[in-house]
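First the structure, which I've put down as structure tokens, then a few questions once you've had a look.
Every chain is numbered from 1 and lettered A, B, ... according to where its sequence line falls, protein lines coming before strand lines.
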Amino acid sequence: MRDDTRRNMPLFSMGTVQKLTELTPRQVRYYEQQGLIRPARTNGNQRLFSFNDVDRLLHIKNLMEKGVNIAGVKEMLQKEEQKEGVVTEATPPQTVKKPEISEAELHKLLKRQLSELSARPNQSHLLRGELSRFFH
DNA sequence: GTTCTTACA
DNA sequence: TGTAAGAA
């Protein structure tokens, strides 16, 4: 399974994202309205966020804390998307031999690690890019 | 019990 | 942005 595929896999509920990013559901939904993220939906219309979504949210949060407004955040994110588009074409075949993990197992793994995260509420939350540690 | 949408202080 | 109402 490609790393890219894994990063775009819809896995997180609103509650999980809230803990991961420390953003309120209100803010997360607002950012979605602004087109900053596009989480998938369950049959019951529940949002399902991917690693990419969470990463973007963390990015957005960092920018906002620096005083960048929504408009500014949009521009920066758009530029990154353009960059990704170019890179995607040149993405070389990977020689990955990572053991295949079922979606169910991934869920278990994530749930466990997220529990550890919420176990220490005082510490500062995730930094942008830190999410990548879940892939190792 | 959690999340969704819509609407208003 | 926060919060309330009503539905899923």
Side-chain angles (χ1 to χ4, degrees):
Chain A
M1 180 186 285
R2 282 199 308 162
D3 194 56
D4 180 73
T5 302
R6 196 187 293 277
R7 266 189 273 243
N8 285 304
M9 208 177 289
L11 299 169
F12 309 114
S13 66
M14 178 58 88
T16 302
V17 170
Q18 186 177 8
K19 292 173 183 172
L20 245 37
T21 66
E22 284 191 352
L23 287 169
T24 66
R26 178 76 172 81
Q27 290 176 297
V28 175
R29 294 177 188 124
Y30 177 67
Y31 298 152
E32 179 185 10
Q33 276 193 304
Q34 302 308 304
L36 271 36
I37 55 173
R38 345 182 351 184
R41 297 282 184 145
T42 64
N43 297 318
N45 199 38
Q46 301 264 106
R47 265 167 271 249
L48 282 183
F49 303 84
S50 65
F51 279 109
N52 277 168
D53 292 324
V54 176
D55 196 57
R56 289 170 72 87
L57 286 171
L58 289 172
H59 192 178
I60 294 167
K61 187 187 176 189
N62 289 336
L63 291 174
M64 296 288 273
E65 290 177 340
K66 283 186 176 180
V68 181
N69 57 41
I70 296 294
V73 174
K74 280 186 183 177
E75 289 182 33
M76 305 190 77
L77 253 35
Q78 282 177 37
K79 288 184 179 178
E80 288 191 4
E81 284 185 3
Q82 288 174 34
K83 190 180 293 182
E84 287 177 23
V86 176
V87 174
T88 300
E89 293 181 40
T91 299
Q94 295 188 1
T95 54
V96 289
K97 298 178 181 176
K98 294 181 180 178
E100 281 299 315
I101 299 178
S102 73
E103 204 167 318
E105 287 179 287
L106 223 187
H107 271 86
K108 288 183 183 177
L109 213 171
L110 291 172
K111 196 170 184 179
R112 229 179 291 136
Q113 303 196 44
L114 292 179
S115 296
E116 294 175 18
L117 275 182
S118 45
R120 38 172 187 276
N122 69 320
Q123 275 302 308
S124 59
H125 52 290
L126 267 50
L127 263 47
R128 211 222 157 190
E130 185 179 351
L131 219 50
S132 61
R133 74 186 182 80
F134 287 115
F135 294 106
H136 307 162

Evaluation steps, side chain to side chain contact (heavy atoms under 4.5 Å, CB included), between A/M14 and A/F49: CA-CA 8 Å; A/M14 178 58 88; A/F49 303 84; 4.0 Å; yes
Who passes side chain to side chain donor-acceptor pair (under 3.5 Å) against A/R29, sequence neighbours left out?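 Once residues adjacent in sequence are excluded, A/R29 has no partner under the side chain to side chain donor-acceptor pair (under 3.5 Å) criterion.
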Could you walk me through whether A/L57 and A/K61 satisfy the side chain to side chain contact (heavy atoms under 4.5 Å, CB included) test, starting with their C-alpha distance in whole Å, then the side-chain angles of each, then the deciding distance to 0.1 Å, before giving a yes or no? CA-CA 6 Å; A/L57 286 171; A/K61 187 187 176 189; over 6 Å; no
If a stem is a run of at least 3 consecutive Watson-Crick or G-U pairs, both distances under 3.5 Å, which stems include DNA chain B?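 Listed by first number, the stems are B:2-8 with C:2-8.
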Holding to side chain to side chain contact (heavy atoms under 4.5 Å, CB included), I want the full list of residues that pass it with A/M64, two or more places apart in sequence or in another chain.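 For A/M64, the residues satisfying side chain to side chain contact (heavy atoms under 4.5 Å, CB included) (neighbours in sequence not counted) are A/Y31, A/I60, A/I70, A/V73.
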Atom pair CD/CD of A/E22 and A/Q27 - distance to nearest 0.5 Å: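 Reported value, rounded in 0.5 Å steps: 11.0 Å.
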Could you state whether A/V28 and A/L48 fall into the same hydrophobic cluster, counting links through intermediate Ile, Leu, Val, Met, Phe, Trp or Tyr residues with side-chain heavy atoms under 4.5 angstrom apart?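 No, separate clusters.
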Distance under 4.0 Å to a non-hydrogen atom of chain A counts as contact; along DNA chain C, which nucleotides mark the start and end?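 On DNA chain C, the outermost contacted nucleotides are C/dT1 to C/dT3.
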Sorted by number, the residues of residues 24-47 of chain A with heavy-atom contact under 4.0 Å to DNA chain C: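 Of all residues in residues 24-47 of chain A, the ones placing a heavy atom under 4.0 Å from DNA chain C are A/T24, A/R26, A/Q27, A/Y31.
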List the residues meeting side chain to side chain donor-acceptor pair (under 3.5 Å) with A/N45, not counting sequence neighbours, and say none if there are none.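 Expected list: A/R41.
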Sidechain-backbone polar pair: A/D53 side chain, A/S50 backbone, donor-acceptor under 3.5 Å: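 Side chain of A/D53 to backbone of A/S50, a donor-acceptor pair under 3.5 Å: yes, one is there.
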Check side chain to side chain contact (heavy atoms under 4.5 Å, CB included) between A/S13 and all other residues, then give those that pass, not counting sequence neighbours.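 Side chain to side chain contact (heavy atoms under 4.5 Å, CB included) list for A/S13, sorted by chain: A/T16.
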Please enumerate all residues that pass side chain to side chain contact (heavy atoms under 4.5 Å, CB included) together with A/R38, with sequence neighbours excluded.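 Applying side chain to side chain contact (heavy atoms under 4.5 Å, CB included) to A/R38 gives none.
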Chain A footprint on DNA chain B, 5' to 3' - any atom under 4.0 Å from a heavy atom: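 The footprint of chain A covers B/dT3 to B/dT5.
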